[in-house]
Amino acid sequence: MTPAAREAAAIELLDRWLAGLPVEQALTLWARASRFAGSGDREAVRDLVFQAVRRRRSAAALGGAETGRALLLGLAREAGIRPEGWTGVGHAPADLSEAEARLLDAPLPVLTRSAALDCPDWLLDHFDAALQGQTDVILSRMRDRAPVFLRVNTARTSRDAVISELAALGIEARPHPLATTALEVTANPRRLRNSDALIEGRVEMQDAASQAIALDFAAHARGPVLDYCAGGGGKALALAAEGFSVSAYDIDPRRMADLPARAKRAGAAVKVLSGPPTGTWSAIFADAPCSGSGSWRRAPEAKWAFTPARLAELKSIQDTILRQCADLTAPGGLVGYATCSMLRDENEDRVKAFLENRPDWRCILERRLSPLDGGDGFYLAVLRKSSAS
């Protein structure tokens, strides 16, 4: 596919997304119907689509409309370039209209703050309350794709060994300071999918901040660990690699469908619970359902679908999870409450509300990470129950 043909495909996909089709579904349907598109074409189209989704507000403002074509024109205008090959011939987008040509030649307008930061208007105050004067620089960084990170399974290998193994495949990776297990992939990340290191469980795809949060909790935990909101099991595998016996639970067991195979591949001691946990535990980790605002670079569609009603619903769910974990904790035990959110509403405010009603608990560690630290936005509070409880 020519660059213009890729842009035409991205325009079509963005129009489908704007009409209500989930972006991943649109991409999958297009790939199945476009057998002529090679892997490089599919990846290039995907990158175009996701960049436009990340920058929906600013691209629409600069492109003059909220259509797939206008979004790509807005991206081009911000970058100071003119689309090439838009001739309407073959699979290329139609030629620029006179109005579009004038728009591209015009000076860039001053955008509203929320549009310039590609943030829903209602969320800007929430970010300002949480990010302490760093809202603009953090949200600006969220307008671009996230780095690719690996977690080295240190129970089976070392970072240096993985770096050498990947280098033989032309994949460049370097240690990342956020976690002793973290590698940032700096070249040819798409070759990872066929690498023995990934297939055989020596590495897992996991954000560096997510790894850091798991290691912070591991430094305080003792005994078997209950991963209370296990999902796909990334934290469970990370904790198992640190030597813990981990039991994984999720209210929706379907989310854990791949976890047994992943654990076997990694040589990890992870037991998938078939029902709600019982008894008491000395250490419980809860990566609670949240807005995902710290990871919107990776899932930008969620940013535009998020609503005040959903935030209120999540806060109630998070409060319930903290109460449930507390009831399962043995005297002197720990709960690690984590989210991949950057909002106080889901983080500090939830912990404060919990502690106000639980005088037998105290917070022994609180950590907030943002994209300025290199990875996604994450929050962790490690809470200890009184041994006299």
Side-chain angles (χ1 to χ4, degrees), residues 7-8 10-20 23 26 45-84 86 93-94 96-147 291-308 310-311 341-345 370-372 376-377:
E7 290 163 348
I11 288 170
E12 176 186 345
L13 290 167
L14 288 166
D15 283 334
R16 292 181 185 179
W17 170 62
L18 291 166
V23 67
V45 170
R46 181 183 183 87
D47 288 346
L48 281 170
V49 168
F50 270 87
Q51 189 68 342
V53 175
R54 287 185 198 97
R55 300 189 176 199
R56 176 183 183 175
R57 284 286 303 280
S58 61
L62 295 174
E66 196 164 76
T67 65
R69 182 179 174 92
L71 292 182
L72 288 199
L73 287 173
L75 294 179
R77 189 180 179 195
E78 183 178 23
I81 60 176
R82 298 179 73 87
E84 296 183 0
W86 288 31
L96 295 175
S97 68
E98 291 184 6
E100 289 172 337
R102 287 197 301 271
L103 188 69
L104 289 170
D105 290 334
L108 293 180
V110 177
L111 302 181
T112 66
R113 182 169 174 240
S114 56
L117 296 175
D118 283 294
C119 177
D121 290 330
W122 73 273
L123 268 175
L124 201 52
D125 286 345
H126 291 268
F127 279 122
D128 281 338
L131 301 181
Q132 301 180 347
Q134 294 186 312
T135 300
D136 290 40
V137 66
I138 290 174
L139 294 190
S140 293
R141 188 162 297 189
M142 296 286 286
R143 298 175 70 236
D144 291 311
R145 68 182 300 171
S291 63
S293 55
S295 58
W296 278 344
R297 289 185 295 183
R298 303 180 190 277
E301 185 177 19
K303 170 170 59 174
W304 308 114
F306 195 50
T307 64
R310 178 57 177 160
L311 176 58
S341 171
M342 295 190 293
L343 304 178
R344 286 190 63 90
D345 311 67
S370 83
L372 298 184
D376 289 346

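Residue indices begin at 1 and follow the sequence shown. Predicted, not measured: the structure shown is a model, and the values here were computed from it.
By the 4.5 Å heavy-atom criterion applied to side chains, L96 and L103 are not counted as neighbours. The side-chain heavy atoms of S293 and H126, taken from C-beta on, include no pair separated by under 4.5 Å. Contact of the R69 side chain with the P83 side chain is not registered, since no non-hydrogen atoms from C-beta on lie closer than 4.5 Å. Between V23 and R16, the closest side-chain pair of non-hydrogen atoms is not below 4.5 Å. Here the side chains of L124 and L117 are in contact, with some heavy-atom distance below 4.5 Å.
No donor-acceptor pair closer than 3.5 Å links the side chain of W17 to the backbone N or O of G68. Listed for the T67 side chain is a donor-acceptor partner under 3.5 Å among the backbone atoms of A70. Between the side chain of W86 and the backbone N or O of E7 there is no donor-acceptor pair closer than 3.5 Å. Without hydrogens or angle criteria, R344 side chain to A130 main chain gives no donor-acceptor distance under 3.5 Å.
Nearest heavy-atom pair, E66 versus L18, reported as atom, atom and distance to 0.1 Å: O-CD1, 3.6 Å. Across E78 and R55, no two heavy atoms sit closer than the pair OE1-NH1, 2.9 Å.
Ring geometry for W296 against F127 counts as perpendicular: the plane angle is over 60°, on a 0 to 90° scale with 30° as the lower cut.
The only option from D118, D121, D128 that meets the salt bridge (charged side-chain N to carboxylate O under 4.0 Å, His left out) definition with R113 turns out to be D128.
A salt bridge does not link D144 to R54: none of the charged side-chain nitrogens sits closer than 4.0 Å to a carboxylate oxygen. Using a cutoff of 4.0 Å between basic side-chain nitrogens and carboxylate oxygens, R82 and D105 are scored as salt-bridged.
The side chain to side chain contact (heavy atoms under 4.5 Å, CB included) test applied to T112 returns R57, S114, A115, not counting sequence neighbours.
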